[in-house]
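Structure, as structure tokens:
Chain naming here is simple, since letters A, B, ... match the order of the sequence lines and numbering starts at 1 in each.
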Amino acid sequence: MPVIDGHSITITHPDKILFPADGITKGELAEYYQRIAGRMIPHVRDRPLHMNRYPGGIQWNPIQQKRVPDSFPAWIERATVDMKGGTITHALIDNTATLVYLAQYNVVTVHVWLSRIQAITQPDMVMFDLDPADEDFSIVRKTALTLKTMLEDLKLVPFVKTTGSRGLHVIAPITVGPTFEEVHLFADAVAQRLAAADPDHLTTEFTKQKREGRLFLDVNRNAYAQTAVAPYAVRAKAGAPVALPVDWSEVESPRLRPDGVGIRHVEGRDDPWKSMERSQKPLPPLTVSQLPDRSGRRKGVSRKEVR
DNA sequence: GATTTGC
DNA sequence: GCAAATCAACGCGTC
DNA sequence: GACGCG
Ligand SMILES: [Mn+2]
Ligand SMILES: [Mn+2]
């Protein structure tokens, strides 16, 4: 029986095919997570997680799971956090064994909070989720690069990953302190400025109808108990694509695809997020004109200028 | 996948 | 003892 | 209360 981090973990049904289009098996999934653990864990450690399980393969609906079942071994770390009307206990990934155990549990995709248990109400990053309306990925790349410059001008240090699906996540680590509300307001102000500069292609509108096919700048991940796909998590799509941290230079290339690298092809890459931990910067203050108005409501950016 | 329930 | 049944997600922000 | 998202 294989021993990882001092814990015996048996992968049952290792030859079960979880990705029918590619023949990718549960055993391959477990090997991938074991292989990538060293890269992944620094970014997910201490973050409550949600599990997407596909025991019969990705052709079936996922089992969504937030709570840690009692059947999980005691050595898997847990965090009990406050929710409206009570508490909930989530699993934490802090070692390779946990990742392999999750594969045994048929967890294909993990989503994690934007805060860590040491300060669960205060995020350690601000996230911009670039959600394209269609398959035009070049606008996503171009927008990410513009956003990079904006964030650098604000003395932040932005990083980027593919989502393994259709978009990109641009994040900037921040000095822990501001609340989720403060970080959300900052992200919203930046997103509105970004969208206003290219209202034909970008929007912050909440309703799909008002987006009119434009790229949605989603800042609503910046909130308590909200999650985003974890870096290096596997997506439930053909090819087992992963949410891949990339270097900014890669974003300049039209060869970059949001779902372009699957678990069979993540190998021998430099770590583009190596410097993340030492890149935390203070959240910039909002200027007076960016403060929310008396109604407290934020505004979407529409195609035709309104004001 | 793991555990509980029913025969 | 063995097979069937049961459970595993819902919270935040916006409109 | 529904929408949108994860
Ligand atoms: Mn997204
Ligand atoms: Mn989104």
**OP:** Not counting sequence neighbours, list each pair that qualifies as a salt bridge (charged side-chain N to carboxylate O under 4.0 Å, His left out) and has a residue in residues 145-158 of chain A.
**Re:** Lys148(A)-Glu152(A)
Subject >> Interatomic distance, Phe72(A) CZ vs dC7(C) C1' [rounded to whole Å] >> reply: 13 Å
**OP:** Can you tell me, in whole Å, how much space there is between the P of dC7(C) and that of dG6(D)?
**Re:** 29 Å
Subject >> Greater than 12 external heavy atoms within 6.0 Å of Gln209(A)'s CD >> reply: no
Subject >> Residues that Asp5(A) engages under side chain to side chain donor-acceptor pair (under 3.5 Å), provided they are two or more places apart >> reply: none
Original post:
Which whole-number value in Å describes the distance from Glu181(A) CD to dG13(C) P?
Top reply: 8 Å
**OP:** Could you check how far CG of Leu114(A) sits from P of dG13(C), rounded to whole Å?
**Re:** 12 Å
Subject >> Residue list, ring pair (Phe, Tyr, Trp, His ring centres under 6.0 Å) with His265(A), at least two apart or on another chain >> reply: none
Subject >> Where at least one partner belongs to residues 76-93 of chain A, residue pairs that pass side-chain hydrogen bond (donor to acceptor under 3.5 Å, both in side chains), sequence neighbours excluded >> reply: Thr80(A)-Thr89(A)
Original post:
Between Gln65(A) (CD) and dC7(C) (P), how many Å, whole number?
Top reply: 13 Å
**OP:** Could you tell me the separation between the NZ atom of Lys142(A) and the CG atom of Leu215(A), rounded to the nearest 0.5 Å?
**Re:** 10.0 Å
Subject >> Leading and trailing nucleotides of DNA chain B with any atom under 4.0 Å from heavy atoms of chain A >> reply: dG1(B) to dT3(B)
Original post:
For Ser71(A), what residues pass the side chain to side chain donor-acceptor pair (under 3.5 Å) criterion, not counting sequence neighbours?
Top reply: none
Subject >> P gap between dG4(D) and dA9(C), integer Å >> reply: 25 Å
Original post:
Does anything in residues 8-35 of chain A pair up under ring-ring contact (aromatic ring centres under 6.0 Å, His included), and if so which pairs, sequence neighbours excluded?
Top reply: none
Using atom names, set out every protein N or O paired with an N or O of nucleotides 2-6 of chain D below 3.5 Å, distance rounded to 0.1 Å.
unit_1: dG4(D); atom_1: OP1; unit_2: Lys208(A); atom_2: N; d: 3.3
unit_1: dG4(D); atom_1: O3'; unit_2: Arg211(A); atom_2: NH2; d: 3.1
unit_1: dC5(D); atom_1: OP1; unit_2: Arg211(A); atom_2: NH1; d: 2.3
unit_1: dC5(D); atom_1: OP1; unit_2: Arg211(A); atom_2: NH2; d: 3.4
unit_1: dG6(D); atom_1: OP1; unit_2: Asp129(A); atom_2: OD2; d: 2.8
unit_1: dG6(D); atom_1: OP1; unit_2: Asp131(A); atom_2: OD1; d: 3.4
unit_1: dG6(D); atom_1: OP1; unit_2: Asp131(A); atom_2: OD2; d: 3.3
unit_1: dG6(D); atom_1: O4'; unit_2: Arg221(A); atom_2: NH1; d: 3.3
unit_1: dG6(D); atom_1: O3'; unit_2: His111(A); atom_2: ND1; d: 2.8
unit_1: dG6(D); atom_1: O3'; unit_2: Thr227(A); atom_2: O; d: 3.4

Original post:
dA8(C) P sits how many Å from Asp70(A) CG, rounded?
Top reply: 12 Å
Subject >> N/O (side chain, Arg67(A)) to phosphate O (OP1/OP2, dC7(C)) under 4.0 Å >> reply: no
Subject >> Distance, rounded to the nearest Å, where Leu49(A) contributes CG and dA9(C) contributes C1' >> reply: 14 Å
Original post:
Quantified in whole Å, what is the C1' atom distance between nucleotide dA2(B) and nucleotide dC10(C)?
Top reply: 23 Å
Original post:
Looking at dA8(C), does its base get a donor-acceptor pair with the side chain of Arg53(A) below 3.5 Å?
Top reply: yes
Subject >> DNA chain D-proximal residues of residues 77-108 of chain A, any heavy atom under 4.0 Å >> reply: none
Original post:
Hey, does Tyr224(A) reach any base, or is it just sugar-phosphate, or nothing, if we go heavy atoms under 4.0 Å?
Top reply: sugar-phosphate
**OP:** Take the angle between the ring planes of Tyr224(A) and Phe180(A) and call it parallel below 30°, perpendicular above 60°, tilted in between.
**Re:** perpendicular
Original post:
When clusters are formed from ILVMFWY side-chain contacts under 4.5 Å, directly or step by step, what else is grouped with Val176(A)?
Top reply: none
Below 3.5 Å, can you tabulate the donor-acceptor pairs from side chains in residues 273-286 of chain A to any protein atom, sequence neighbours excluded?
unit_1: Trp273(A); atom_1: NE1; unit_2: Val160(A); atom_2: O; d: 3.1
unit_1: Ser279(A); atom_1: OG; unit_2: Ser275(A); atom_2: O; d: 2.6

**OP:** Could you measure between the two P atoms, the one in dG1(B) and the one in dG11(C), and give it in whole Å?
**Re:** 28 Å
**OP:** Write out all pairs satisfying salt bridge (charged side-chain N to carboxylate O under 4.0 Å, His left out) with one or both partners inside residues 30-45 of chain A, taking only residues at least two apart or from two chains.
**Re:** Arg35(A)-Glu267(A), Arg39(A)-Asp271(A)
